[in-house]
Amino acid sequence: MIILSFLLEGILSCYLPFSCLFTLTALILETSYQKEETVLKYSLIIGVLYDIAYTNTLILNALLFFFLCLFIFQYIKGYRITYFYCLILNTVFTISYLIITYLILLLFHSIDFNIILFLKTLLQVLILNTIYFNILYIIHHKRNFKT
């Protein structure tokens, strides 16, 4: 699911003026259903590939994906995983990822400060990722109910 999200994000980046973050959404959903060490390994590998293929940053996304997954594992301990809980996690961590990357890129003068553009991009990414999250969630549950 993570690899397909990674590839789909690459295809859609040719047509959309913003990054859709499908890979992050898939990682967040996987943290709810996979073992911690497996997802942490995937997050580092996919983060490095994401850096190389999409963002031209050295290890920024590898570290962000890894630490976001670590935080998610801390949040889900002891909670029953439901659809709404996963949706809230997806929304909160997508917003967190966008804010952190925006601040880091501002800090290193890679982008100019434009709050209107940032908020517009944030809204677009949240809408698209929520739709994608619902699709992944349905696919994941249909696959699990058949086994």
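We're numbering straight along the sequence, starting at 1. From a predicted model like this one, the values you see are computed outputs, not experimental measurements.
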Path from Ile131 to Tyr15 over hydrophobic side-chain contacts below 4.5 Å: no
Which pairs with one or both residues in residues 114-126 pass side-chain hydrogen bond (donor to acceptor under 3.5 Å, both in side chains), sequence neighbours excluded? none
Treating Ile, Leu, Val, Met, Phe, Trp and Tyr as nodes and any side-chain heavy-atom pair under 4.5 angstrom as an edge, say whether Phe67 and Ile59 lie in one connected cluster. yes
Is any side-chain heavy atom of Phe22 closer than 4.5 Å to a side-chain heavy atom of Leu136? no
Contact between Leu126 and Leu98 at the side-chain level, heavy atoms closer than 4.5 Å - yes or no? no
Return the SG to CD distance between Cys14 and Glu9, rounded to the nearest 0.5 Å. 11.5 Å
Non-hydrogen side-chain atoms of Phe73 and Val39 separated by less than 4.5 Å: yes
Looking only at heavy atoms, what is the nearest atom pair of Cys69 and Leu40, with distance? CB-CD2, 3.8 Å
Please report whether the ring centroid of Phe93 lies less than 6.0 Å from that of Phe71. no
So, do Thr101 and Leu64 sit near enough that their side-chain heavy atoms are less than 4.5 Å apart? yes
Is there a path from Ile104 to Leu122 through hydrophobic residues (I, L, V, M, F, W, Y) whose side chains come within less than 4.5 Å of each other? yes
Check the side chains of Thr55 and Asn61 for a donor-acceptor pair under 3.5 angstrom, ignoring hydrogens and angles. yes
Is it true that Leu105 and Leu119 fall in one hydrophobic cluster, defined by side-chain heavy atoms closer than 4.5 Å? yes
How about Tyr54 and Phe6: are their ring centroids closer than 6.0 Å? yes
Tyr85-Leu87 co-clustered via ILVMFWY side chain contacts under 4.5 Å: yes
Here the gap from Leu27 atom CG to Met1 atom CE, rounded to the nearest 0.5 Å, amounts to 10.0 Å
With sequence neighbours left out, what residues match Tyr102 under ring pair (Phe, Tyr, Trp, His ring centres under 6.0 Å)? Phe118
Tell me the closest heavy-atom pair linking Leu60 and Thr57, and the distance in Å. CB-OG1, 3.6 Å
Report yes if the side chains of Tyr50 and Ser43 come closer than 4.5 Å at any heavy-atom pair, otherwise no. no
Keeping the roles fixed (side chain from Asn129, backbone from Cys20), state whether a donor-acceptor pair exists under 3.5 Å. yes
Evaluate the side-chain proximity of Glu36 to Thr31: yes if any heavy-atom separation is below 4.5 Å, no if none is. no
Any side-chain heavy atom of Phe65 within less than 4.5 Å of one from Tyr97? yes
One pair to check against side chain to side chain contact (heavy atoms under 4.5 Å, CB included): Leu8 and Tyr132. What are the steps and the verdict? CA-CA 11 Å; Leu8 181 61; Tyr132 188 67; 3.7 Å; yes
Rounded to the nearest 0.5 Å, the CG atom of Leu44 sits from the CG atom of Leu63 at a distance of 7.5 Å
Quick check for you: to the nearest 0.5 Å, what is the distance between Asn90 atom CG and Ile28 atom CD1? 4.5 Å
Between the side chain of Asp51 and the main-chain N/O of Ala62, is any donor-acceptor distance below 3.5 Å? yes
Tyr42, OH atom: more than 12 neighbouring heavy atoms under 6.0 Å: no
Rounded distance (nearest 0.5 Å) linking atom CG of Leu89 with atom CZ of Phe133: 8.5 Å
Output for pair (Leu123 CG, Leu128 CG), nearest 0.5 Å, gives 11.0 Å
Using the six-membered ring wherever Trp is involved, compare the ring planes of Tyr137 and Tyr83 and label them parallel, tilted or perpendicular (cut-offs 30° and 60°). perpendicular
Would you say Thr94 and Leu21 make side-chain contact, with heavy atoms under 4.5 Å? yes
